[in-house]
Amino acid sequence: MSAQTPVIEMRHVEKYYGDLHVLKDINLSVTKGEVVVIIGPSGSGKSTLCRTINRLETIGSGEILIDGEKIPEEGKKLAQLRSQIGMVFQSFNLFPHRTILDNVTLAPVDVLKRNKKEAQQEALELLKRVGVGDQANKVPAQLSGGQQQRAAIARALAMHPKAMLFDEPTSALDPEMIGEVLNVMTELAAEGMTMLVVTHEMNFARRVASRVIFMEDGAILEEGAPEEFFEHPKTQRAQAFLQSIREH
Amino acid sequence: MSISALWAAYGSEYLQALLTTWKLTFFSFGMAFVLGILITVARVSPIIPLRRFGDFYVQIFRNIPGAALLILLVYAFPKLKLLFPYATCVLIATTLIPSAFCSEYLMSGMNMIEKGQIEAARALGMSFLQMIRRIIIPQALRYSVLPMTNLLVATMLTTALGSTVPMVPRELTGLVSHINTHATGGVTAFVISAAFYCATAVLIGFVGSRIDRKVRILR
Ligand SMILES: Nc1ncnc2c1ncn2[C@@H]1O[C@H](COP(=O)(O)OP(=O)(O)O)[C@@H](O)[C@H]1O
Ligand SMILES: [Mg+2]
């Protein structure tokens, strides 16, 4: 595979929900080590875009390639592809009936057939790394939102993903917990993880993003380096959107 | 006859009948539980004919009266050269009917699982069966401990169907009919059986709520 093959590539992707055109000719590529931030108003299709990449949502037309290969439509191949792409959700989605440690080891053991002891050891290291090592034997409900989200990041990392998708990972958090999650993400980016991040955290985008994408009404309206985008947005709609979140 | 006179005459038979009721109840419930889980997996599987079959199964056995099912097993099946002993017929009836309810309770337990978890499991690359085994059934079971407790009691009461066929050994209700055809136990004969049913139900309820408290999912 050549050095230029993007880890994630979307070509002319279209998607409808009934009559609603949610993704309009989406072209996007994320190369190894890049951190691409997607911003845009609510309902613009950011989550849908994210979710088509591991086929939690199907697409109408176009293609999505991971490491140059088309996403399989179903079955074992699709499951295998999903296991290589980490996903972090707004609502954490930890498994509430299992301990934090189990949450992190379930998929490595079941899906990757890793040895349980080794998986646990690695899980503990990952949990330490994201700062919740001492919570390993609690269940999710005993953790704060910020701790849960960091555990969810550890759960995704335990699969050794090629890329990580983050769909508004801090939107459900109290303000004082946002920083701790963004710090973990910043470290991940610094270590070279390929990331696609939907977020409205402008400071994070400025510091960490290699590129910022602005979406509205299902289309990518603008794409550029963070400095350029935040200082000199080209489209009027991006200007208006940035204005509206700055007023907050 | 007074209770004490009845007990003096039939005490050991009552205990024998209690044991039979317990055995029938726990065997039926155990099998209904396993069947109920399998039927539920079929009902949520991606294979449409399997789903249909599961739904059909539940509709049939949830709605058929126990006595009608037993009559079918005892009188109709021999015509198809299917001959079961009476006890087996009773056991089949008291298994099939609760299995349909078991599946219904599991389905409503499943409805309490947040959809996001299923997405998280899929995003981790889990297969349908891995998801069922690790995420869905364990949670559905924890959410349905109390209904299952009620189902266990209901299963026990359904075993009284055994009194409508000449089943040996007799269960609690069968023994009452037996006593009343030989002696004049009257309602008193039933009071002893009723006390055993009630005591068992109370015990089941107690254990059930202990288990519920223990496995309840913190939210
Ligand atoms: N499952 C669905 N069925 C129908 N419409 C949906 C569904 N999911 C999202 N939508 C609609 O698609 C549009 C894009 O949604 P979404 O991708 O969640 O936007 P964003 O994440 O940018 O807020 C919205 O108008 C939303 O209402
Ligand atoms: Mg969204």
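The chains referred to below are lettered A, B, ... by the order of the sequence lines, with proteins before strands, and numbering in each begins at 1.
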Inset, instruction - Decide whether a cation-pi geometry holds between B/Lys79 and B/Tyr75; the criteria are a distance under 6.0 Å from NZ or CZ to the six-membered ring centre and an angle within 45° of the ring axis. - result: no
Legend entry - Contact leader toward chain B among A/Val88, A/Leu106, A/Asn93, A/Asp102, where contacts are heavy-atom pairs under 4.5 Å: A/Asn93
Legend entry - Under 4.5 Å from any heavy atom of chain A - which part of B/Ile217: side chain
Inset, instruction - Counting only heavy atoms closer than 4.5 Å, note whether A/Leu78 contacts chain B via side chain, backbone, both or neither. - result: neither
Legend entry - Portion of A/Asn54 that has a non-hydrogen atom of chain B nearer than 4.5 angstrom: side chain
Legend entry - Ring-face cation of B/Arg51 near B/Phe56 (centre distance under 6.0 Å, axis angle within 45°): no
Legend entry - Enclosure of B/Phe206 CZ (heavy-atom neighbours >12, cutoff 6.0 Å): no
Inset, instruction - Kindly indicate whether the side chain of A/Ile213, heavy atoms from C-beta on, has any atom under 4.5 Å from the side chain of A/Ile39. - result: no
Inset, instruction - Consider only side-chain N and O atoms of B/Ser28 and B/Thr155, and report whether a donor and an acceptor are under 3.5 Å apart. - result: no
Legend entry - Contact listing (chain B partner; residues 156-169 of chain A; heavy atom under 4.5 Å): A/Met159
Legend entry - Residue pair A/Gln80, A/Ser83: steps toward the side chain to side chain donor-acceptor pair (under 3.5 Å) verdict: CA-CA 5 Å; A/Gln80 199 197 351; A/Ser83 74; over 6 Å; no
Legend entry - Top contributor to chain A interface from B/Glu119, B/Met126, B/Arg219 [non-hydrogen pairs under 4.5 Å]: B/Glu119
Inset, instruction - Say whether B/Ser108 and B/Tyr143, considering side chains only, have a donor N or O and an acceptor N or O under 3.5 Å apart. - result: no
Legend entry - Part of A/Gln90 within contact of chain B (heavy atom distance under 4.5 Å): neither
Legend entry - Residue part contacting chain B, namely of A/Val139, when any heavy atom lies under 4.5 Å: side chain
Inset, instruction - Consider only side-chain N and O atoms of B/Asn63 and B/Gln59, and report whether a donor and an acceptor are under 3.5 Å apart. - result: yes
Inset, instruction - Please state whether the side chain, the backbone, both or neither of B/Glu114 comes within less than 4.5 Å of a heavy atom of chain A. - result: neither
Legend entry - B/Arg142 portion near chain A, given a 4.5 angstrom heavy-atom threshold: side chain
Legend entry - Side-chain donor-acceptor contact under 3.5 Å, B/Tyr57 with B/Ser99: yes
Legend entry - When A/Gly86, A/Gly75, A/Ala107 are compared by non-hydrogen pairs under 4.5 Å with chain B, the top option: A/Ala107
Legend entry - Contacting region of A/Ile85 [heavy-atom separation from chain B under 4.5 Å]: backbone
Inset, instruction - Select one option (side chain, backbone, both, neither) describing which atoms of A/Phe89 are under 4.5 Å from chain B's heavy atoms. - result: side chain
Legend entry - Toward chain B, the part of A/Arg51 with a non-hydrogen atom under 4.5 Å: side chain
Legend entry - B/Phe196 atom CZ, over 12 foreign heavy atoms within 6.0 Å: yes
